[in-house]
A.B. asks: 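One structure, as structure tokens, below. Some questions next.
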Amino acid sequence: LRVAPGLVEPELRSAFFMTANDFSTLGSYFMFVYAIAQIPCGVLIDRLGVKRVVLTSIILCLIGNGMLIVGNSLWEAQISRMFMGLGSACAYVGCLKVAADSFPSSTRGFFMGAALTIGLFGPLIAAKPLVHLIEAENWQYAFKVLSAVGVILWFCLVIVMPKEDVNRGATLKWSEITQSIAMVFK
């Protein structure tokens with residue numbers, strides 16, 4: 001979902017009557033929401049559990065993708081990308097949490113790095129089949145296939161992911177956030 005609009009740029013610009021500047025907002029809205037939403041995702045994962053947050057994230061991505069498929073205006077496309085960014089934000093944070101909780105400290109770094117690598121190479125690997133799908137049909141059909149893959153992924157995760165204990169006491173305080181961000185920059 002992150003790179004798919006770039007693969008159908010002419011079709012999206014035509015369908016939504018966008019200028020090049022309008023089209024660039026689709027990537028911007030996705031990335032801004034994606035980056036900002038990662039901050040509370042950790043607390044949500046601690047408070048509600050990885051399974052609930054990841055399953056909800058997939059639903060948000062599906063909603064955004066559906067909005068893009070049926071939408072016909074620029075603001076609908078922008079809001080759809082915001083939903084996709086919000087849904088995608090918890091993917092990497094969720095992988096880090098699973099690696100931190102499920103693996104010994106000696107292999108934790110490997111699995112965290114593997115998650116990052118897969119996250120970076122995934123769009124590169126998926127782009128070619130998606131382009132073939134777009135060329136064979138149209139962009140809406142390709143995005144419907146992405147939705148179908150998302151639904152299948154959701155059901156697989158419902159079955160595979162174990163229910164975990166959650167920390168109902170996890171909170172999100174602005175002072176803790178700013179202190180943690182300052183520590184990262186130091």
Side-chain angles (χ1 to χ4, degrees), residues 1-9 12 15-16 18 22-101 115-116 118-123 125-127 130 133-134 139-164 166-168 170-172 177:
L1 291 178
R2 182 174 35 165
V3 299
L7 301 174
V8 293
E9 182 255 341
L12 282 178
F16 291 94
M18 291 187 241
D22 294 338
F23 181 77
S24 70
T25 64
L26 298 184
S28 300
Y29 282 28
F30 177 94
M31 289 308 291
F32 286 142
V33 172
Y34 174 82
I36 291 168
Q38 285 187 349
I39 295 169
C41 275
V43 173
L44 286 173
I45 287 171
D46 284 341
R47 185 163 204 172
L48 303 174
V50 176
K51 185 173 184 173
R52 285 184 182 147
V53 174
V54 168
L55 292 175
T56 303
S57 295
I58 292 171
I59 291 170
L60 290 171
C61 286
L62 290 170
I63 290 169
N65 198 39
M67 287 178 67
L68 190 63
I69 293 168
V70 299
N72 57 13
S73 67
L74 174 61
W75 70 269
E76 288 172 314
Q78 290 168 332
I79 290 175
S80 77
R81 292 297 288 167
M82 291 171 77
F83 269 98
M84 290 181 209
L86 185 61
S88 299
C90 291
Y92 184 61
V93 177
C95 286
L96 294 178
K97 177 70 171 166
V98 168
D101 291 351
L116 179 61
I118 291 168
L120 292 173
F121 282 113
I125 295 166
L130 193 56
L133 193 58
I134 293 164
W139 73 270
Q140 285 105 341
Y141 178 77
F143 279 64
K144 288 176 186 176
V145 169
L146 288 175
S147 289
V149 169
V151 169
I152 292 167
L153 177 64
W154 189 88
F155 279 109
C156 288
L157 291 178
V158 165
I159 295 166
V160 172
M161 291 181 80
K163 186 175 179 183
E164 71 265 310
V166 295
N167 180 2
R168 298 278 179 209
T171 59
L172 182 62
I177 292 172

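Just so you know, residue 1 is the first one in the sequence shown, and it goes up from there.
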A.B. asks: Taking atom CG of Leu153 and atom CG of Leu55, what is their separation to the nearest 0.5 Å?
C.D. replies: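 Here the rounded value is 8.5 Å.
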A.B. asks: Ala91: what forms a side chain to side chain contact (heavy atoms under 4.5 Å, CB included) with it, not counting sequence neighbours?
C.D. replies: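 With neighbours one apart ignored, the set is empty.
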A.B. asks: Give me each pair satisfying ring pair (Phe, Tyr, Trp, His ring centres under 6.0 Å) with a member in residues 30-52, each pair once, sequence neighbours excluded.
C.D. replies: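 Residue pairs passing ring pair (Phe, Tyr, Trp, His ring centres under 6.0 Å), neighbours aside: Phe30-Tyr34.
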A.B. asks: Could you check if a side-chain atom of Met84 sits within less than 4.5 angstrom of a side-chain atom of Leu68, using non-hydrogen atoms only?
C.D. replies: yes
A.B. asks: Could you tabulate the donor-acceptor pairs under 3.5 Å formed by side-chain atoms of residues 142-151, not counting sequence neighbours?
C.D. replies:
{"unit_1": "Ser147", "atom_1": "OG", "unit_2": "Asn65", "atom_2": "ND2", "d": "2.6"}
{"unit_1": "Ser147", "atom_1": "OG", "unit_2": "Phe143", "atom_2": "O", "d": "3.3"}

A.B. asks: Do any pairs count as a side chain to side chain donor-acceptor pair (under 3.5 Å) and have a residue in residues 76-85, sequence neighbours left out, and if so which ones?
C.D. replies: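 Every pair satisfying side chain to side chain donor-acceptor pair (under 3.5 Å) with a residue in residues 76-85: Thr25-Gln78, Ser73-Glu76.
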A.B. asks: Nearest 0.5 Å, what's the OH-CD1 distance between Tyr141 and Ile134?
C.D. replies: 12.0 Å
A.B. asks: Hey, could you give me each pair passing ring pair (Phe, Tyr, Trp, His ring centres under 6.0 Å) that has a residue in residues 67-94? Not counting sequence neighbours.
C.D. replies: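 Passing the test, one end in residues 67-94: no pairs.
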A.B. asks: If I take atom OG from residue Ser24 and atom CG from residue Asp22, how far apart are they, to the nearest 0.5 angstrom?
C.D. replies: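 The OG atom of Ser24 sits 7.5 Å away from the CG atom of Asp22.
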A.B. asks: Holding to side-chain hydrogen bond (donor to acceptor under 3.5 Å, both in side chains), I want the full list of residues that pass it with Lys97, two or more places apart in sequence or in another chain.
C.D. replies: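 Result, side-chain hydrogen bond (donor to acceptor under 3.5 Å, both in side chains) vs Lys97: Asp46, Asp101.
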A.B. asks: Taking ring-ring contact (aromatic ring centres under 6.0 Å, His included) as the test, write out the residues that go with Tyr29, two or more places apart.
C.D. replies: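 None.
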A.B. asks: CD1/Ile58 to CD1/Ile63 distance, rounded to the nearest 0.5 angstrom?
C.D. replies: 12.5 Å
A.B. asks: Looking only at heavy atoms, what is the nearest atom pair of Ala4 and Leu130, with distance?
C.D. replies: CB-CD2, 3.7 Å
A.B. asks: Suppose the criterion is disulfide bond (SG atoms under 2.5 Å apart): which pairs have a residue in residues 53-96, not counting sequence neighbours?
C.D. replies: Cys41-Cys90
A.B. asks: Run the side-chain hydrogen bond (donor to acceptor under 3.5 Å, both in side chains) test against Ser57 and tell me which residues pass, sequence neighbours left out.
C.D. replies: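 Partners of Ser57 by the side-chain hydrogen bond (donor to acceptor under 3.5 Å, both in side chains) criterion come out as none, since no residue qualifies.
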A.B. asks: Out of curiosity, Leu96 CG to Ile45 CD1, how far, rounded to the nearest 0.5 Å?
C.D. replies: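 The distance works out to 8.5 Å.
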A.B. asks: How long is the gap from CG on Leu157 to NZ on Lys51, to the nearest 0.5 Å?
C.D. replies: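 Nearest 0.5 Å value for the CG-NZ distance: 8.5 Å.
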A.B. asks: Tell me the closest heavy-atom pair linking Leu86 and Ala37, and the distance in Å.
C.D. replies: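 Shortest heavy-atom separation between Leu86 and Ala37 comes out as CD1-CB, 3.7 Å.
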A.B. asks: Locate the shortest heavy-atom distance separating Phe23 from Leu12; write the atom from each residue and the value.
C.D. replies: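 Taking Phe23 first and Leu12 second, the nearest heavy atoms are CE1-CD1, 4.0 Å.
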A.B. asks: Report the residues that fulfil side-chain hydrogen bond (donor to acceptor under 3.5 Å, both in side chains) with Gln140, sequence neighbours left out, ordered by chain and then residue number.
C.D. replies: none
A.B. asks: Taking ring-ring contact (aromatic ring centres under 6.0 Å, His included) as the test, write out the residues that go with Trp154, two or more places apart.
C.D. replies: none
A.B. asks: Does Met18 reach the side chain of Leu26, with side-chain heavy atoms less than 4.5 Å apart?
C.D. replies: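 Yes, close enough: below the 4.5 Å cut-off.
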A.B. asks: What residues form a salt bridge (Lys or Arg N to Asp or Glu O under 4.0 Å) with Glu9, not counting sequence neighbours?
C.D. replies: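 With neighbours one apart ignored, the set is Arg13.
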